[in-house]
Peer 1: 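I have a structure here, written as structure tokens, and I will follow up with some questions on it.
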Amino acid sequence: MDKPPLNPYILLMVGVISISTSAIFVKLAGDAPASMIAFYRLLLAIIIMAPYVFLKHSDDLFSISKKDGTLAAVSGVFLAFHFILWFESLNYTSVASSVVLVSMQPIFAFIGTYLFFKERFSAGAVLSMLIAITGSVIISWGDFQISGLAFLGDILALLGAIMVTGYFLVGQNLRKRLSLTSYTFVVYSAATLTLLIYNLGLNVSFGGYNSSQWLIFLCLAIIPTFLGHSLFNWSLRWMSASKISMSILLEPIGASILAFFLLNEAVSWSQWLGGSIVIFGLMLFIISTKKMMKPKIIHRSRKL
């Protein structure tokens with residue numbers, strides 16, 4: 001096809017709005033444990049996917065080698081702990097701080113490719129990373145002045161960014177061999193199993209949630225997952241990874257606006273300043289590395 005069936009820029013906008021709701025839904029889930037929110041998000045996602053996968057992609061799914069299946073499972077473990085850490089961070093810090101800090105995944109991903117795949121840094125990449133890190137320090141310093149718990153939330157968000165980096169680094173070669181649908185289904189299934197074991201180990205209740213919370217679990221499975229990250233993956237056919245990466249940087253802005261109106265969360269001066277610096281640094285980073293950018297570097301799938 002020479003022309004996309006729909007305007008990819010409009011769908012990209014829908015995708016940005018959709019992923020911006022993720023942190024809001026987690027906050028609205030109230031006292032539901034972070035690990036259980038993550039479990040039901042992924043469980044419902046694979047239940048929704050299953051009929052399509054088994055009817056249309058069963059040959060691809062069952063032809064996955066043992067080695068690739070194992071790597072996909074490891075990728076799923078990283079994804080599970082990304083959700084646990086990021087969702088837990090929202091119990092301690094604001095949506096603005098958490099989403100900005102977890103958005104630093106591209107920086108960690110490039111560091112990972114340097115350590116494990118010997119990718120070279122350009123001077124522009126190093127400078128942009130230092131700018132983004134400076135912004136994250138300003139956010140964390142401001143939150144620490146407010147509360148030690150807010151600072152803990154910032155640390156959890158950064159750890160969540162590291163976990164999703166592991167998810168992408170492990171899965172980057174798999175995506176060259178497996179279809180997006182089969183790969184995503186296996187990874188989500190492995191992540192769901194990981195979260196099941198995690199919740200059983202901590203004796204977290206699988207029931208007792210009200211109708212609003214069940215609706216939130218379903219919304220998480222559909223809106224940020226399918227209307228968000230799936231649209232980004234679709235858009236990769238029609239536009240560059242760097243453009244999509246740039247659009248994803250709007251997520252902290254969208255999430256902060258939604259948090260202001262829906263959760264009455266004001267944004268402090270340190271969050272405004274630090275967040276702006278982080279986003280500016282990430283923009284410079286994407287521009288300076290776009291020749292080396294692959295779909296694997298794209299934030300939280302792109303994932304999720």
Side-chain angles (χ1 to χ4, degrees), residues 16-17 19-24 26 82 85-87 89-90 92-114 121-147 150-165 168 224 228 232 241-260 265-290 293 297-304:
V16 170
I17 295 171
I19 63 170
S20 298
T21 65
S22 187
I24 306 302
V26 173
H82 158 68
L85 290 164
W86 180 39
F87 289 0
S89 77
L90 290 162
Y92 299 102
T93 193
S94 68
V95 167
S97 292
S98 179
V99 178
V100 166
L101 293 173
V102 85
S103 294
M104 290 183 65
Q105 178 270 328
I107 301 294
F108 292 114
F110 211 73
I111 292 173
T113 59
Y114 171 78
F121 288 103
S122 66
V126 173
L127 177 61
S128 59
M129 284 190 290
L130 291 174
I131 292 172
I133 291 170
T134 299
S136 70
V137 170
I138 292 173
I139 292 172
S140 298
W141 179 83
D143 285 350
F144 184 73
Q145 303 303 307
I146 297 171
S147 164
F151 179 71
L152 172 61
D154 294 347
I155 297 300
L156 291 173
L158 286 171
L159 291 174
I162 293 173
M163 287 295 107
V164 81
T165 299
F168 285 121
F232 291 137
S242 59
K243 281 187 179 180
I244 296 174
S245 296
M246 285 288 194
S247 70
I248 291 170
L249 293 182
L250 296 174
E251 179 188 0
I253 298 173
S256 297
I257 292 172
L258 290 174
F260 177 79
E265 281 193 5
V267 180
S268 69
W269 71 266
S270 60
Q271 291 168 336
W272 275 115
L273 177 60
S276 299
I277 292 173
V278 168
I279 293 172
F280 177 68
L282 290 174
M283 289 177 63
L284 290 180
F285 177 81
I286 292 168
I287 292 170
S288 65
T289 60
K290 69 177 182 178
M293 288 286 285
I297 299 293
I298 297 179
H299 160 260
R300 289 180 293 124
S301 259
R302 272 145 294 265
K303 33 228 184 48
L304 323 167

Peer 1: Sort out for me which residue in Leu282, Val95, Ile139 forms a side chain to side chain contact (heavy atoms under 4.5 Å, CB included) with Val100.
Peer 2: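 Filter result, single survivor: Ile139.
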Peer 1: Once you round to the nearest 0.5 Å, how far does CE of Met129 lie from CE of Met104?
Peer 2: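 Those atoms lie 10.0 Å apart.
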Peer 1: What are the two closest non-hydrogen atoms of Ser128 and Leu284, and how far apart are they?
Peer 2: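 Shortest heavy-atom separation between Ser128 and Leu284 comes out as CB-CB, 3.6 Å.
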Peer 1: If you apply the rule side chain to side chain contact (heavy atoms under 4.5 Å, CB included), what do you find for Asp154 with Leu158, and how did you get there?
Peer 2: CA-CA 6 Å; Asp154 294 347; Leu158 286 171; 5.7 Å; no
Peer 1: Quick check: do Ile138 and Gln271 have side-chain heavy atoms less than 4.5 Å from each other?
Peer 2: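 The answer is no, as the side chains (C-beta and beyond) never meet within the 4.5 Å cut-off.
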Peer 1: Nearest 0.5 Å, please: how far is OH in Tyr92 from CG in Asp143?
Peer 2: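 One finds 14.5 Å between CG of Asp143 and OH of Tyr92.
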Peer 1: Flag the pair Val267 / Phe260 as yes when at least one side-chain heavy-atom distance between them is below 4.5 Å, and no otherwise.
Peer 2: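 No. Closest side-chain heavy atoms not under 4.5 Å.
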Peer 1: Atom OG of Ser140 and atom CG of Leu152: how far apart are they, to the nearest 0.5 Å?
Peer 2: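 Separation between the atoms: 11.0 Å.
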Peer 1: Taking C-beta and beyond as the side chain, do Ile162 and His82 meet within less than 4.5 Å on heavy atoms?
Peer 2: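 Counting from C-beta outward, Ile162 and His82 never come under 4.5 Å.
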Peer 1: At their closest point, which heavy atom of Val102 faces which heavy atom of Ala157, and how far apart are they?
Peer 2: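 Closest approach of Val102 to Ala157, heavy atoms only: CG2-O, 3.7 Å.
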Peer 1: Can any side-chain N or O of Thr21 pair as donor or acceptor with the backbone N or O of Ile24 at less than 3.5 Å?
Peer 2: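 Such a contact is absent between Thr21 side chain and Ile24 backbone.
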Peer 1: Looking at Ser97 and Thr93, would you say the former's side chain and the latter's main chain have a donor-acceptor pair under 3.5 Å?
Peer 2: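 No: the side chain of Ser97 does not pair with the backbone of Thr93.
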Peer 1: Could you please spell out the steps behind the side chain to side chain donor-acceptor pair (under 3.5 Å) verdict for Ser103 and Glu251?
Peer 2: CA-CA 8 Å; Ser103 294; Glu251 179 188 0; 4.6 Å; no
Peer 1: How long is the span from the CH2 atom in Trp272 to the OG atom in Ser256, to the nearest 0.5 Å?
Peer 2: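 Here the interatomic distance stands at 7.0 Å.
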Peer 1: With side chain to side chain contact (heavy atoms under 4.5 Å, CB included) as the criterion, how do Ile107 and Phe285 come out once you've worked through the C-alpha distance, each side chain's angles and the decisive distance to 0.1 Å?
Peer 2: CA-CA 8 Å; Ile107 301 294; Phe285 177 81; 3.8 Å; yes
Peer 1: Are Val99 and Trp86 side-chain neighbours, meaning at least one heavy-atom pair lies under 4.5 Å?
Peer 2: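 Touching, per the 4.5 Å side-chain cut-off.
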Peer 1: Does Ser98 use its side chain to pair, donor to acceptor, with the backbone of Ser94 at less than 3.5 Å?
Peer 2: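 Flag not set: sc Ser98 to bb Ser94 has no pair under 3.5 Å.
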Peer 1: Do Ser89 and Leu85 come close enough that some side-chain heavy atom pair is under 4.5 Å?
Peer 2: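 Ser89 does not reach Leu85 side chain to side chain.
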